[in-house]
Amino acid sequence: MILAVLFANSEGNILVERFNGVPAEERLHWRSFLVKLGAENLKGVKNEELLVASHKSVYIVYTVLGDVSVYVVGKDEYDELALAEVIFVITSAVKDVCGKLPTERLFLDKYGRICLTLDEIIWTGYLESTDKDRIRRLVRLKPPTEF
Amino acid sequence: MAQPLVKKDDDRDDEADYSPFLGIEKGAVLQEARVFNDPQLDPRRCSQVITKLLYLLNQGETFTKVEATEVFFAVTKLFQSKDIGLRRMVYVMIKELSPSADEVIIVTSSLMKDMTSKTDMYRANAIRVLCRITDGTLLTQIERYLKQAIVDKNPVVASAALVSGIHLLQTNPEIVKRWSNEVQEAVQSRAALVQFHALALLHQIRQNDRLAVNKLVSSLTKGSVRSPLAQCLLIRYTSQVIRESANTQAGDRPFYDFLEGCLRHKAEMVIFEAARAITELNGVTTRELTPAITVLQLFLSSSKPVLRFAAVRTLNKVAMTHPMAVTNCNIDMESLISDQNRSIATLAITTLLKTGNESSVDRLMKQITNFMSDIADEFKIVVVEAIRSLCLKFPLKHRSLMNFLSNILREEGGFDYKKAIVDSIVILIRDIPEAKETGLLHLCEFIEDCEFTYLSTQILHFLGIEGPKTSDPSKYIRYIYNRVHLENATVRAAAVSTLAKFGAMVDTLKPRIFVLLRRCLFDNDDEVRDRATLYLNTLGGDGAVVQTGEDVKEFLFGSLDIPLVNLENSLKNYEPSEESFDIYSVPREVKTQPLAEKKAPGKKPTGLGAPPAGPPSTVDAYEKLLSSIPEFANFGKLFKSSAPVELTEAETEYAVNVVKHIFDGHVVFQYNCTNTIPEQLLENVTVIVDASEAEEFAEVASKPLRSLPYDSPGQTFVAFEKPEGIPAVGKFSNMLRFIVKEVDPSTGEAEDDGVEDEYQLEELEVVAADYILKVGVSNFRNAWESMGADCERIDEYGLGPRESLAEAVNAVIDLLGMQPCEGTEVVPNNSRSHTCLLSGVYIGNVKVLVRLQFGLDGPKDVAMKLAVRSEDEAVSDAIHEIVASG
């Protein structure tokens, strides 16, 4: 299960947080844990270079994309490698939506489209689509090209 | 023309800086949502409002029930618009709002229309939304469409239905299970993602049917699985099949070739999954392991951090069971110590410490030193523990490892971290004689500037025991006496005791120690002064260079030999009188800890800490109770009281349990009775015990219970005489006899006349374990060595077929009733052999130590070697007899 997808700006303010199967009372804890993790480790990290951490049986893969940081949390079948796949899909789709590495402003300007993109990638905790071109089409309600 | 989302903030001129959502407020956005009700819909404006609503929800904002309902009803109006972009937003919004069952009905028809639409993308999205908000009744209505969708030629529609199926399986398993045929067809799909989703769903549908999973795996491992993700799933399911079949089949491991083949797959994800599956096989052999380790080694030097992390995490696990298999990767792992990702670095270090060889220790320590400064305390403790194990493995390297520990001891750190280091140094001093003097000096330097009272006092105590035995004990005195000047009262008192120990053991130092102790007589703390006075008197106040008597040494150094909790309780119960407190009256039984506490980690060898003390014992209460009954007053000292044994089933009319009290020549059964019937009063309650199957026991006394009202427990006792000091065993059958009187529930008064009645109870046994006290030792090896082999008895036993090794170990522990030491009662999974250490006190106050070595002999047969050491060979023999007859 993909437990959480979280976007934050460079100051650690949340831009998007989507939880699946995480009780409401634990969300705040996860949010601050992830933001702290990013603050401690993401300085000087290259765009899209992945960092990994594990916390008990839960895995976290995170990275920087322009002005925003992206965190993906998973457990069970979504271990570090599967999450790396998920975050790769997310970052490439977000870049695709923004047309380049997103600044915070650009990210917020494209907010609606980014929400739709995430909706195509993750279906409450499960990876649904992996190809950015296909995702771009699905967001516009167009059938995939391979079909 | 669309309005700007938010007014531009006056303070911020730079447009790039301000957020389009700056100053966003829930109330205002909810107001804006009224545009959804406009007769002339503006799709762009509506999309912007939905974006704002999504932004609020994605920030963790919540809507009240009323707000959510209002927005939901408004959103449903948007189905009227033909704008595709807006429709897509509407789908997301409905999912986010997750409307309640009575609201869903509003959108059902619109969504069902979309689900049967000719536009594929409407179908896919409508399926996802419907499945998210649906309940069982609606699901039966749309089931037909969903089954069609699973095999739809558009992969997006098929995937939408399949992933929906995965979710619906949690809530409506019966319905989803009916889709097996369609899902099976989808597994053969040419679209990679459809295959992935179909495989996941099919496995979930069939996961409880072992044969079906086996069949699924068999067919797919032969065929071609298109997506790497699906291949990873297949590997996981294959490992599951291997795990389950290992219990039933002998011979070659099924599917190993498939796993090995996956190591050559082009996707790294698949290679890793296969490698990990191989390392986790039950009883994996070196031959099976080698190819997996080789690919993991390659991943260690990958440019992708995720792969490095995954590889080192897996190798770390392998190192616990097969350290030799991992040694080839050591060079690659050493380079990971400087990895920017701290999680990778810590895993690399702890793995290296498990697998490193003697020649690499120095190099490793140098690398770790740089690393330690920038990791958190919890990682540091892991490293310290790994270093301790390494030092015990390579004692010749104690110098550099001890130096490392003393260096980190001087750096900043919390209590747990410092305690871990001190414990490690103490263990090394105890186990490596050459490390003793340097280790003690490191500890001395540490207490010069130690902020933790607990650690200071523990180190002072340890110094008092080990310091006098060194070549030059005088050099420690300065460090100890400094504490008397500079520390708080607790540490000062500990320092006084330590000084006295040096005085007692080193005759030449005695006069000088006396000078120091006399100075302590003016301390402003009672305890410090009292201790100084006590020791000056004990050691002989004139301070001459004379040898200290053995009894004084015993007083200073002898172990208390009594659980501190019991001593505390006995002292609390002691009432000041003419008779002085008798330390021998303190019971020695340590009550076993409840299971929940045993689960806590902490089974590692303890350093300074004493063996864990049990919770407050009930033994005192028993002793007090029994000594107050004249019939039992002359039975002597209570040796042991058992845990209560239930003699009735739960929820019967009368609840009775029994506690067995063991004395040297007597056994007393204490029957705890409870009357659970409000309309009855029991009187003259006794238990009639038939001891015909307990030949060595003769009943000597019985103490009836005069009255047993409803829900007010009482006790009746029966005492037996048995041969003195002999662990006699036997079986006793019990009958509860009483006079029952009816009680008027309205007044609570009992009738005058009663009827005699009986109630059959379960049988009760006195077993060998009743004659052994659970008394732990803190360092089994030392205790074993100091006991010596004079009264050792060793023999081997076949325990026959057993469920598991752990079950056999527990059976023997229960049979002997002794205290497991150093966490050896826990048997690691998949072990084929295990050593368990037990300690106890046998009736007659004879200490017994037991070393049990278990091994699997064939598939299930367990063989056991039993070595017993005690202070009396008859007792060693008795332990063997217990095992032989048990």
Side-chain angles (χ1 to χ4, degrees), chain A residues 7 9 13-19 24 27-28 31 40-41 44-45 49-54 59-61 77 79-85 87 103-106 108-109 111-116 118-120 123-131 134 137-144 146-147, chain B residues 15-21 47-48 50-51 54-55 58-60 62 84-85 87-89 91-92 95 119-122 124-125 128 132 153-156 159-160 163-164 166-167 191 193 196-197 200 228-229 232-233 236 268-269 272-273 304-310 313 340-344:
Chain A
F7 286 79
N9 68 7
N13 298 321
I14 305 300
L15 301 175
V16 175
E17 66 172 21
R18 299 182 65 88
F19 289 100
R27 293 182 182 183
L28 192 63
R31 180 198 293 175
E40 284 169 2
N41 298 292
V45 169
E49 180 179 338
L50 300 187
L51 276 81
V52 206
S54 60
Y59 305 98
I60 302 139
V61 176
E77 68 269 39
D79 60 9
E80 62 272 46
L81 286 188
L83 290 179
E85 183 79 11
I87 206 168
T103 59
E104 186 182 343
R105 174 64 204 259
L106 189 54
L108 291 172
D109 280 347
Y111 200 82
R113 177 100 347 143
I114 288 171
C115 288
L116 296 183
L118 289 176
D119 186 54
E120 291 295 349
W123 202 125
T124 41
Y126 290 90
L127 180 62
E128 189 166 343
S129 290
T130 53
D131 180 65
R134 170 167 152 164
R137 294 182 65 81
L138 294 184
V139 166
R140 297 188 170 96
L141 284 177
K142 297 218 167 63
E146 79 262 24
F147 170 62
Chain B
E15 196 179 330
D17 257 7
Y18 91 92
S19 153
F21 301 110
S47 291
Q48 284 170 347
I50 291 183
T51 307
L54 288 173
Y55 179 80
N58 281 336
Q59 299 278 306
T62 49
I84 289 183
R87 180 64 60 89
R88 185 67 189 80
M89 291 297 252
Y91 291 138
V92 177
K95 282 196 278 185
T119 314
D120 289 344
M121 292 304 100
Y122 279 19
N125 278 290
R128 300 201 300 173
R132 173 77 178 264
K153 48 189 187 310
N154 185 328
V156 179
S159 276
V163 181
S164 301
I166 293 174
H167 286 284
L193 273 175
F196 166 58
H197 293 136
L229 284 165
C232 285
L233 284 186
R236 283 171 191 227
E268 284 157 340
M269 192 195 294
F272 172 74
E273 198 64 50
K304 298 179 186 169
V306 176
L307 275 181
R308 297 200 298 275
F309 177 84
R313 184 165 73 85
Q340 193 191 4
N341 204 315
R342 299 284 85 182
S343 303
I344 296 179

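Proteins come first, then strands; the chains are lettered A, B, ... in the order of their sequence lines, and each starts at number 1.
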Could you tell me which of Glu85(A), Glu128(A), Glu40(A), Arg18(A) has the largest number of non-hydrogen atom pairs under 4.5 Å with chain B?
-> Glu128(A)
Expected output: side-chain His167(B) to main-chain Gly125(A) donor-acceptor under 3.5 Å | no
Chain B shares the most heavy-atom pairs under 4.5 Å, among Phe19(A), Tyr59(A), Phe7(A), with Tyr59(A)
So which of Leu83(A), Val139(A), Asn9(A) has the largest heavy-atom pair count under 4.5 angstrom toward chain B?
-> Val139(A)
With a 4.5 Å cut-off on heavy-atom pairs, point out which of Asn13(A), Leu50(A), Leu28(A) contacts chain B the most.
-> Leu50(A)
Give the member of Val156(B), Val92(B), Leu54(B) that has the highest number of heavy-atom pairs under 4.5 Å with chain A.
-> Val156(B)
With respect to chain B, which residue among Arg27(A), Arg140(A), Glu120(A), Arg113(A) yields the maximal number of heavy-atom pairs within a distance under 4.5 Å?
-> Glu120(A)
So, does Tyr55(B) use its side chain to make a donor-acceptor pair with the main chain of Leu108(A) at under 3.5 Å?
-> no
For the residue pair Tyr91(B) and Tyr122(B), categorise the inter-ring angle as parallel (less than 30°), tilted (30 to 60°) or perpendicular (more than 60°).
-> perpendicular
Counting heavy-atom pairs under 4.5 angstrom with chain B, the leader among Val61(A), Leu127(A), Val45(A), Asn41(A) is Leu127(A)
Pair Glu49(A) + Lys304(B), salt bridge at N-O below 4.0 Å | no
Which bit of Thr51(B) is near chain A, if near means a heavy-atom gap under 4.5 Å: side chain, backbone, both or neither?
-> both
Nearest atoms (heavy-atom pairs only) where Pro143(A) meets Arg137(A) = O-NE, 2.7 Å
With only heavy atoms counted, which part of Ile50(B) is less than 4.5 Å from chain A, the side chain, the backbone, both or neither?
-> neither
Arg313(B) and Glu80(A) ion-paired at < 4.0 Å = yes
Let me know if Leu193(B) has heavy atoms under 4.5 Å from chain A in its side chain, its backbone, both or neither.
-> side chain
Are Arg236(B) and Asp79(A) close enough for a salt bridge, meaning some N to O gap below 4.0 Å?
-> yes
Region of Ala124(B) that comes under 4.5 Å of a non-hydrogen atom in chain A | neither
